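Source: prediction; values computed, not measured.
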Amino acid sequence: MAALVEAARSLKPAPVSAVVGTASDEISRANGELLAAAWAEGGGMVLDTVRWPEAAASWRRPSHRFAGPEPDVWLVAATVPGWAAMGRRLVTDTGWSPERTFVTASLADHELIALGGIGTFDGLCGAHPDGRLWTVRRTVLRPGD
């Protein structure tokens with residue numbers, strides 16, 4: 001979590017506000033709470049925490065709530081199926097930016113790109129449990145720059 005929050009804080013200009021997004025499973029919720037606490041502990045402001053299910057008839061409500069506050073960054077703890085569906089809706093329906101989104105290790109999976117579609121998560125950054133960073137570039141999970 002520390003590497004992820006540090007990566008988010010490294011953006012220029014320095015981000016202050018964040019929205020935390022989580023899947024509804026217990027692990028994602030717990031990791032979302034850790035992300036929110038780490039962000040606030042470093043002086044950041046958490047504008048909202050948004051949870052979504054693994055499957056939904058429409059992703060409109062959670063995607064608008066997630067992107068609506070227009071934070072400096074988004075922090076995400078989720079599972080691949082739900083985040084892929086959420087990402088597709090975010091790209092088509094909101095001003096969300098994957099380049100300002102930082103996600104937990106659970107999303108370091110090539111299936112995310114396959115389910116989300118090429119370009120949906122371009123620029124998304126994540127951290128492995130050991131702190132190594134990775135980014136999505138088109139169809140590839142690349143080691144962090």
Side-chain angles (χ1 to χ4, degrees), residues 1-36 38-39 44-145:
M1 296 297 167
L4 191 62
V5 170
E6 183 179 323
R9 290 192 188 286
S10 73
L11 288 179
K12 301 293 182 224
V16 175
S17 64
V19 168
V20 176
T22 76
S24 57
D25 67 284
E26 188 175 323
I27 292 171
S28 296
R29 287 193 326 263
N31 285 335
E33 289 173 13
L34 291 172
L35 285 172
W39 189 258
M45 180 177 16
V46 176
L47 302 177
D48 198 359
T49 298
V50 179
R51 289 192 182 99
W52 53 80
E54 284 303 296
S58 169
W59 293 91
R60 185 179 183 282
R61 185 171 295 151
S63 68
H64 282 255
R65 196 167 150 226
F66 183 72
E70 298 182 11
D72 298 326
V73 295
W74 287 276
L75 305 171
V76 176
T79 58
V80 170
W83 180 235
M86 180 76 154
R88 288 191 308 268
R89 185 63 181 236
L90 287 165
V91 164
T92 61
D93 212 29
T94 73
W96 169 74
S97 171
E99 295 90 0
R100 294 180 14 227
T101 305
F102 298 83
V103 302
T104 56
S106 61
L107 297 173
D109 188 323
H110 293 284
E111 190 69 13
L112 178 66
I113 297 167
L115 290 173
I118 296 171
T120 299
F121 297 110
D122 229 7
L124 185 79
C125 180
H128 293 290
D130 65 4
R132 289 177 301 123
L133 298 177
W134 53 270
T135 57
V136 174
R137 294 286 179 243
R138 302 293 292 155
T139 60
V140 179
L141 288 174
R142 293 183 32 180
D145 301 326

Q. Is there a side-chain contact between I113 and R138, using heavy atoms and a 4.5 Å cut-off?
A. no

**Q.** Close side-chain approach of V76 and F102, heavy atoms under 4.5 Å
**A.** no

Q: Could you go through the side-chain hydrogen bond (donor to acceptor under 3.5 Å, both in side chains) check for T79 and E54 one step at a time?
A: CA-CA 8 Å; T79 58; E54 284 303 296; 2.3 Å; yes

Q) Where does the angle between the aromatic ring planes of W83 and F66 fall among parallel (under 30°), tilted (30 to 60°) and perpendicular (over 60°)? A) perpendicular

Q.
Tell me if a side-chain donor or acceptor on S106 pairs with a main-chain N or O of A78 at a distance below 3.5 Å.
A. yes

Q) Can you check whether V16's main-chain N or O pairs, donor with acceptor, with W39's side chain at less than 3.5 Å? A) yes

Q. How would you list, by chain and number, every residue that makes a salt bridge (charged side-chain N to carboxylate O under 4.0 Å, His left out) with R89, sequence neighbours excluded?
A. D93

Q: With the side chain counted from C-beta on, respond yes when V50 and V20 share a heavy-atom pair under 4.5 Å apart, and no when they do not.
A: no

Q: Using a 4.5 Å cut-off on heavy atoms from C-beta on, say whether the side chain of S97 contacts that of W74.
A: yes

Q) Can you find a side-chain donor-acceptor pair between S28 and D25 that sits under 3.5 Å? A) yes

Q. Side chain of R51, backbone of A23: donor and acceptor closer than 3.5 Å?
A. no

Q: Measure the shortest side-chain to side-chain distance between L90 and R88 over non-hydrogen atoms and say whether it is less than 4.5 angstrom.
A: no

Q. Got D48 and V46 here, is their nearest side-chain heavy-atom distance under 4.5 Å?
A. no

Q: Starting at CG of L124, measure out to CH2 of W134 and round the result to the nearest 0.5 Å.
A: 5.0 Å

(Q) Quick check: closest heavy atoms across P62 and W52, and the distance to 0.1 Å? (A) CB-CB, 4.1 Å

Q. Between R100 (side chain) and D72 (backbone), is there a donor-acceptor pair under 3.5 Å?
A. yes

Q: Report yes or no: does T120 contribute a side-chain atom to a donor-acceptor pair with the main-chain N or O of G117 at less than 3.5 Å?
A: yes

Q. Are side-chain heavy atoms of L107 and V80 found at a separation under 4.5 Å?
A. yes

